[in-house]
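Okay, structure first, notes after.
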Amino acid sequence: MALAGLSLGIYVLSVAASAPPISKLKPINEGTNSVIFAADGNRLGYIQSDTARQPIKLKSIPRYLQEATIAIEDRNFYKHGGIDIGGIARAAIADAKAGHAVQGGSTITQQLVRNRYIVDPKRDLTRKIKEAKLSEDLENLHSKHWILEQYLNTASYGTVEGRTAVGVEAASRTFFSKSTRKLDLPQIALLAGLPQSPTDYNPFLNPTGALERRNEVLAAMLKEGYITPAQAASARAAKLTLRQGTRYTRIKEPYFFDFVQQQLIDHYGVATVRKGGLQVYTTLEPRLQQVGREAIDSMFNQPGDPSAAVVTIDPKTGYVLAMSSSGTYKHEQYNLAAQGHRQPGSAFKPFVLATALRRGVDPYSTSYVSKHLDLHLPEFGHWVVDTAEGNESNRPISVASAMTASDNTVYAQFDIDLGPENVRQTAYDMGITTELDALPAEGLGGLRLGVSPLEMASAYATFASGGMHSKPIAIKYVKFPDGHVDDIGKPDRKRVLSDGVAYELDKILRSVVTSGTGTGASTGCASDAGKTGTTTNFSDAWFVGFRPDASTAVWVGYPDALHPMTSVHGQEGFGGTLAAPIWRAFMSAGNFPCRPYPLPKHPIQYQTFQRTLTTPTGGVTTTGTSPYTNPGTGSGVQQGGGYRGYDPRAYTPTPQGGGQTGNGNGNGNGN
């Protein structure tokens with residue numbers, strides 16, 4: 001027996017000697033949950049993970065909670081040097097007799113060592129010996145105050161709906177939906193009893209077992225003199241007062257939250273984001289979010305109404321100020337504002353005009369006859385285009401006036417003469433990121449993949465900022481656990497249009513609001529500018545507009561793109577009737593400044609425009625011979641909200657506003 005004891009002693013000393021100094025061990029980084037904030041500092045929510053953590057200082061933890069933990073976990077905490085010799089001996093003997101590890105005998109310091117320094121600890125005698133040695137080292141390095149604080153922030157208190165509460169503050173928020181500072185004595189005793197067996201004592205899963213464990217803690221507190229008999233009796237008589245918290249699960253502005261979370265993952269990688277500890281400060285203005293929802297509700301608040309989305313960007317910085325949409329995240333988690341790719345209709349025409357102005361084309365003297373078009377295009381096939389409801393004037397009309405009136409036939413001719421590939425490049429330069437195919441129909445809004453309201457708001461912000469494009473930014477900066485701040489939201493600006501080009505575009509697009517198809521958007525501010533858009537069978541209605549301080553895109557439609565808006569509250573689904581009023585309501589309530597556009601430092605120097613399309617009536621001068629008189633091949637019908645075009649390479653929308661397939665039945669625009 002003595003020999004066995006000696007052998008055990010030698011083994012213990014040998015294992016203890018093999019343990020590395022605790023000063024050389026790197027603590028496991030428990031961290032905190034990553035949290036996302038709005039521009040005003042209000043919390044939008046925590047990034048979801050398997051754990052909920054919110055470390056706090058010991059001075060913020062109620063004294064009773066500290067004492068309850070010591071009473072039930074380690075009553076000699078302030079007397080030992082890291083290990084309880086009697087407890088260790090009893091555990092070692094029990095392990096030897098049982099032939100396997102038996103739980104028990106650990107001090108608070110030992111449990112902290114296990115939580116903080118040992119990855120995937122095994123329940124065996126070797127681990128216990130090393131744990132004891134490291135515990136002594138830890139006591140020599142740190143105060144009892146530090147050790148208790150660290151323990152209360154790293155202990156596991158149980159799992160609720162797949163998320164484990166680590167630390168007393170996260171546990172208090174999870175089980176009682178309040179801070180530890182507001183807990184009463186029965187609630188404190190309940191929490192203190194959980195770490196020994198978080199699953200068995202989980203009050204949501206086993207309320208009877210949790211109640212019994214709570215009363216054990218109260219008895220231990222009474223025995224140690226931390227509470228009076230009267231306090232113990234009153235607390236034992238109390239019922240469980242649970243209230244499952246939503247602090248770590250509730251998300252404000254969930255569509256924007258998801259958008260930001262994906263940007264974080266794209267930038268830093270999923271491991272860094274899920275690991276936690278990030279404080280993410282975004283560009284979102286909660287007031288404008290609410291204004292956006294109210295603007296949508298002012299038009300659509302009845303069952304069966306179409307959906308709508310509003311995106312606003314600051315032209316000077318690219319900051320996304322608002323990303324509002326109708327519907328509830330609980331029932332539909334598809335973000336129409338950022339993910340919804342829909343046909344933009346005539347809202348794409350300004351990119352055609354921008355292409356021309358970049359080349360020095362005079363929009364006031366350059367005219368085409370507004371007429372029914374039946375073109376055979378060698379490269380693109382047979383294309384027939386009409387303006388909304390057949391409103392061709394059959395006379396020459398300048399491209400500036402055609403923008404105001406949203407004349408499809410004029411812009412169809414204009415797009416071909418400018419070159420669809422050049423129009424595509426202009427759209428890319430201004431912020432359109434979805435792939436385009438450089439087809440004539442794209443100038444009128446017939447896109448294979450559609451575009452999102454976010455893209456359109458970003459592109460139009462280039463007009464508002466005098467030709468400077470700013471990449472859309474949703475995150476201003478990220479603060480890491482070590483205090484490092486990453487300013488990933490620095491504005492990324494690039495001049496893509498001269499200020500002279502932007503000024504002329506602003507002027508022409510203001511006429512759309514004052515006397516054209518967008519009069520429904522007018523707020524009375526002379527700087528209001530923008531363009532309407534309407535698509536096939538009234539599937540989509542747009543108004544994208546701006547002032548110097550805000551570019552806002554409004555989209556209206558049904559998410560499945562299969563329900564035409566032929567009668568919404570008695571109105572046909574034009575951009576001017578459904579989307580423009582939402583824009584007006586948003587911009588009016590948003591309190592954006594109404595200030596004039598600055599005069600350009602570099603006015604446009606107009607050049608001769610070499611056109612190729614013939615204009616047989618109206619006396620319009622053209623140069624060259626039209627190559628578009630030979631019959632084309634292919635067939636197909638492109639139908640816009642107000643025009644029909646025949647183009648075998650135009651497209652129709654698919655559900656959710658996603659990709660479109662080219663089958664000849666195309667999507668165009670009205671006004």
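A distance of 14.0 Å separates NZ in K490 from OH in Y477, rounded to the nearest 0.5 Å. The distance from atom CE of M430 to atom CD of Q425, rounded to the nearest 0.5 Å, is 12.5 Å. The structure places CD1 of I397 at 9.0 Å from OH of Y411, a figure rounded to the nearest 0.5 Å. Here the straight-line distance linking atom CD1 of I416 with atom CG of L439 works out to 11.0 Å at 0.5 Å rounding. Interatomic distance, L44 CG to Q289 CD, rounded to the nearest 0.5 Å: 8.5 Å. One distance of note links CG of D528 with CZ of R510; it measures 10.0 Å at 0.5 Å rounding.
In this structure, the side chain of W542 engages the main chain of Q343 through a donor-acceptor pair within 3.5 Å. Of the possible polar contacts, one joining the Q413 side chain to the V369 backbone as a donor-acceptor pair under 3.5 Å is found. A side-chain donor-acceptor contact under 3.5 Å links N301 to the backbone of D297. Checking side-chain atoms of R359 against main-chain N and O of L418 turns up a donor-acceptor pair under 3.5 Å. For T355 (side chain) and F351 (main-chain N/O), a donor-acceptor pair under 3.5 Å exists by modelled atom type. For the pair Y460 (side chain) and A347 (backbone), a donor-acceptor distance under 3.5 Å is present. Between the side chain of S527 and the backbone N or O of R595 there is at least one donor-acceptor pair closer than 3.5 Å. Using modelled atom types, no side-chain atom of S567 and backbone atom of E572 make a donor-acceptor pair closer than 3.5 Å. When atom types are taken as modelled, the side chain of T246 and the backbone of T249 share no donor-acceptor pair closer than 3.5 angstrom. No donor-acceptor distance shorter than 3.5 angstrom exists from the side chain of S539 to the backbone of T535, with no hydrogens or angles considered.
The closest side-chain heavy-atom distance from V320 to I473 is not below 4.5 Å. Between D415 and L444, every side-chain heavy-atom pair lies at or beyond the 4.5 Å cut-off. The shortest side-chain heavy-atom distance between V544 and W555 does not fall under the 4.5 Å cut-off. Put simply, the side chain of L353 reaches to within 4.5 Å of the side chain of L505, judged on heavy atoms. With contacts defined as side-chain heavy-atom distances shorter than 4.5 Å, the pair V496/T426 does not qualify. Put simply, the side chain of S452 does not reach to within 4.5 Å of the side chain of Q339, judged on heavy atoms.
Remark: the T409 side chain and the D407 side chain contain an N/O donor-acceptor pair separated by less than 3.5 Å. Side-chain contact annotation: T404 with S511, donor-acceptor N/O pair under 3.5 Å present. Between H372 and N394, the side chains place no donor N or O within less than 3.5 Å of an acceptor N or O (distance only, hydrogens not considered). Side-chain atoms of T434 and E455 form a donor-acceptor pair, as typed in the model, at a separation below 3.5 Å. A donor atom on one side chain and an acceptor atom on the other are found under 3.5 Å apart for S406 and K349. Using modelled atom types, one finds a donor on one side chain and an acceptor on the other under 3.5 Å when comparing T523 with R547. If you check the side chains of S470 and T317, you find no donor sitting under 3.5 Å from an acceptor. Under the 3.5 Å distance criterion, with hydrogens and angles disregarded, no donor-acceptor pair is assigned to the side chains of Q290 and R287. With hydrogens and angles left out, the side-chain atoms of S398 and S367 include no donor and acceptor closer than 3.5 Å. A donor atom on one side chain and an acceptor atom on the other are found under 3.5 Å apart for Q262 and D266.
Ion pairing of E442 with R448 is absent here, as no side-chain N (NZ or NE/NH1/NH2) approaches a carboxylate O to less than 4.0 Å.
The aromatic rings of F538 and F574 sit perpendicular, their planes meeting at an angle over 60°, well past the 30° parallel limit. Using bins of under 30°, 30° to 60° and over 60° for the plane-to-plane angle, the ring pair F414/Y368 lands in the tilted bin. Using bins of under 30°, 30° to 60° and over 60° for the plane-to-plane angle, the ring pair F546/F463 lands in the tilted bin. Classified by interplanar angle (parallel below 30°, tilted 30° to 60°, perpendicular above 60°), the ring pair Y558/H563 is tilted.
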Q: Begin with the C-alpha distance, continue with both residues' side-chain angles, and end with the deciding distance and a verdict on salt bridge (charged side-chain N to carboxylate O under 4.0 Å, His left out) for K507 and E504.
A: CA-CA 5 Å; K507 184 163 59 175; E504 289 302 323; 3.4 Å; yes
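For D429, the salt bridge (Lys or Arg N to Asp or Glu O under 4.0 Å) partners at least two apart in sequence or on another chain are R358.
Partner of F37 under the ring-ring contact (aromatic ring centres under 6.0 Å, His included) criterion, out of F257, F256, Y281, Y46: Y281 alone.
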